[in-house]
2 protein chains.
Amino acid sequence: MKKAAATRLMILEKAFELIYIKSYQTTSVDEIIATTKVTKGAFYYHFKTKDEMGLAILHEILKPALANSFIQPLQLQANPVVAIYDLMHGLLMENEFLKVEYGCPAANFTHEMTPWNADFRKVLDEITREWETAMATALENGKEKGFIRKDVNSKQVTLFVMSGYWGIRNFGKLENSKSIYLPYLQELKNYLHSLS
Amino acid sequence: MKKAAATRLMILEKAFELIYIKSYQTTSVDEIIATTKVTKGAFYYHFKTKDEMGLAILHEILKPALANSFIQPLQLQANPVVAIYDLMHGLLMENEFLKVEYGCPAANFTHEMTPWNADFRKVLDEITREWETAMATALENGKEKGFIRKDVNSKQVTLFVMSGYWGIRNFGKLENSKSIYLPYLQELKNYLHSLS
DNA sequence: TTGCAAACAGACCGAGCGGTATCTTCTATG
DNA sequence: CATAGAAGATACCGCTCGGTCTGTTTGCAA
């Protein structure tokens, strides 16, 4: 990789981590350049504005990360009951990047940016729809293979499950302990089994 | 009410609405005093800091509001399947204060304040637990009256349902339309029926 | 009516914000 | 090796932030 491209990517990655911990609005450009050891000139050479950087983070960091961690796992298991549960368990209990006290990066961005920034909302909506499609497809395939009842509405279930995930991530912030995830996962398992 | 107390309450109420729309961190004291037509001297007479005002909002506005809108409805219906569904339907589809594009005030506060302000987290945790207790109690009573299966774990179900609510509120921000609530409510109904 | 604290008014402050302007240093290509 | 454009450095700007300070008005008890 060219040096300049590496600088740009490094800014995006470190800024993403900072923003995950501190939120977008309260993470200043000065903080970003301090932790990246990149000067303001370099920063504003690569990004016209802070928001342009924010959007680049969504496109170039968050989107691929979600494809890897949220979508791929759904395609490794034919039984959606198992696939969805394992995905959630992995995200909540095993994922090393995601911290209980800071919640879900995508949910955080949605929470603070969506009501008043149309560009952010558009990208976040795209990202969310990708996950939605992947999960709904997994459920549909599961129906064909007899893992899921035929009368189950896949899109509806997907929305229900995704909502639960975003919500429990917020609960985690309150409790500040992963132990709150366990009863959620248990009930998710019960719910998923009721679909088969 | 004394005039000074009225001023204080007016600040809290208007600030709460502003913060609901704009988020706490991006709502400045200057904005609050501009919309309330209260001067800075008056504001800082009533509240030592912005955070003290924020905590007062949680205690004096949000807490009673949740008791009225989130807890009381659960005690009007003996069958928790109906009570919980009606509560959610009322909150999502009928409540006039809550707007789809701005989400849930309690969830918003939790999202942005909880990771780095222990005082806010404590109050929000209290408020959440009140709701949790009310819903779990409703489910337990429902078990005794035969509306809910005996093997259902009330606390677990409560957590699952509350998570779904917070999550779908976040989805609403993305879609910016109440229509996204309908499939969620439909699946919630399916899930609740699976408990009986 | 006076006295005095409660309540309010508003100019002001230093710090931090996002962003710009100008300059210097790399680096790829002829 | 020359040189032009890419990349990076840094001082600076206007503005807003939360908060302070000093002064004025209001309400109520004596």
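Keep in mind the model is a prediction, meaning the values are calculated, not measured. Lettering of chains follows the sequences in order, A, B, ..., and the numbering in each one begins at 1.
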Expected output: side-chain [X] to main-chain [Y] donor-acceptor under 3.5 Å:
X: A:K145; Y: A:A78; result: no
X: A:Y24; Y: A:D51; result: yes
X: B:Y20; Y: B:K99; result: yes

Under 6.0 Å between ring centres: does that hold for [X] and [Y]?
X: B:Y181; Y: B:F171; result: no
X: B:Y184; Y: B:Y191; result: no
X: B:W166; Y: A:Y165; result: no

Item to check | Pair B:K14 + B:E17: basic N to acidic O under 4.0 Å | outcome: no

Heavy-atom contacts, protein to nucleotides 7-21 of chain C, under 4.0 Å, summarised as B (base), S (sugar-phosphate only) or - (none) per nt, yield BSBB------SBBB-

In the 5' to 3' direction, the nucleotides of DNA chain D bounding the stretch that comes under 4.0 Å of a heavy atom in chain A are D:dA6 to D:dT10

